[in-house]
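We use all heavy atoms of the structure for the numbers below, so side chains are in, but hydrogens, waters and symmetry mates are not.
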Amino acid sequence: MTPGELVRALRRRWYVLAVALVLAAAGALQVLRPDPTYVSTAIVVLKPPVTGSQPNQLANLQPPLAAVSYAAVRQLESPAGAAELRAAGVGGTYRMIPRNSGTSVTPRYLIPSLQVQAEHSDPAAADAAARTVIEVYTKHLADLQTQQGIPDRARMSVDLLVPPAAAAQSGTKSRALAGVALLAAVASVAGALWTDRLLARRRRRREGAGADGGHPAAGDRVPAGAASR
């Protein structure tokens, strides 16, 4: 299809472009006036038990603690863990991000701290969801130590370093508007071309049927003498 043919097709199907323009305007309005979203963030740390040789728990953080914490996170990220969190009342989007000193390629998880994020349209609900995730995470660690028969004085504990605090999440409106405009342009052109081809195909079929007139072709006619035999 040449550029001239493309322009003529778009001019013929201007109404498709008009519908796409209306839908794009509705999408742009939603981008400019989005529903408020809040993200609650909290940070917890897994600490070893207090001992006589090391009374400061934060000075005795070891890689094995980070491994245990990550194991609990993996349990909660499983389908069974997600179902457990939903049953506990966690709705919306949530994330559990281990904070470590490694890289994304070779994570070492040397720091046994965990960042918990919960997203919701209500800030109070976002904070409540983050607290619930922390409670379930703490319960998993306690159950793990109970299964191993660890006495209370020798157990690891979870300390809340940063309490849940919801903050409004704001995106870049210019990028969102550019995305809506690009999507509308592609969809409108594709829709106009598809409509033009569909209608042209139907018109050719009607014209072909009208030219035939429902009569048999000349080669199909039966001679009169042969019909009377």
Is it true that the side chains of Ser69 and Tyr137 contain a donor and an acceptor less than 3.5 Å apart?
yes
Less than 3.5 Å apart, any donor N or O on the side chain of Arg155 or Thr146 sitting next to an acceptor on the other?
yes
Please tell me if the side chains of [X] and [Y] come closer than 4.5 Å, counting only heavy atoms from C-beta onward.
X: Ile43; Y: Leu114; answer: no
X: Gln117; Y: Gln115; answer: yes
X: Thr41; Y: Val116; answer: no
X: Val158; Y: Leu141; answer: yes

What is the distance from atom [atom1] of [X] to atom [atom2] of [Y], rounded to the nearest 0.5 Å?
X: Trp194; Y: Leu199; atom1: CH2; atom2: CG; value: 8.5 Å
X: Glu135; Y: Thr138; atom1: CD; atom2: OG1; value: 7.5 Å
X: Ser188; Y: Leu193; atom1: OG; atom2: CG; value: 9.5 Å

Closest contact, heavy atoms only, [X] versus [Y]:
X: Val90; Y: Ala129; answer: CG2-O, 4.0 Å
X: Ala126; Y: Tyr38; answer: CB-O, 4.0 Å
X: Leu65; Y: Lys47; answer: CD1-C, 4.4 Å
X: Ala154; Y: Ile150; answer: O-CG2, 3.6 Å

Check this for me: Arg95, atom CZ, are more than 12 non-hydrogen atoms of other residues, nucleotides or ligands nearer than 6.0 Å?
yes
Is there a path of hydrophobic side-chain contacts, each under 4.5 Å between heavy atoms of I, L, V, M, F, W or Y residues, that connects [X] with [Y]?
X: Val68; Y: Val133; value: yes
X: Leu46; Y: Met96; value: yes
X: Leu160; Y: Val73; value: yes
X: Leu182; Y: Val16; value: no
X: Val189; Y: Leu198; value: no

Mind checking salt bridge (charged side-chain N to carboxylate O under 4.0 Å, His left out) for Asp122 and listing every partner two or more places apart, or none if nothing turns up?
none
After noting the C-alpha distance and the side-chain angles of Val136 and His140, does the key distance pass the side chain to side chain contact (heavy atoms under 4.5 Å, CB included) rule?
CA-CA 6 Å; Val136 176; His140 271 252; 3.8 Å; yes
Whether Gln145 side chain and Met156 backbone form a donor-acceptor pair below 3.5 Å:
yes
Between Asp127 and Ala166, is there a donor-acceptor pair closer than 3.5 Å when you use the side chain of the first and the backbone of the second?
yes
In terms of side-chain geometry, is the basic nitrogen of Lys139 or Asp143 positioned less than 4.0 Å from the acidic oxygen of its partner?
yes
Could you give me the CA-CA distance, side-chain angles and deciding distance for Tyr15 and Thr195, then say whether side chain to side chain contact (heavy atoms under 4.5 Å, CB included) is met?
CA-CA 10 Å; Tyr15 48 87; Thr195 303; 4.1 Å; yes
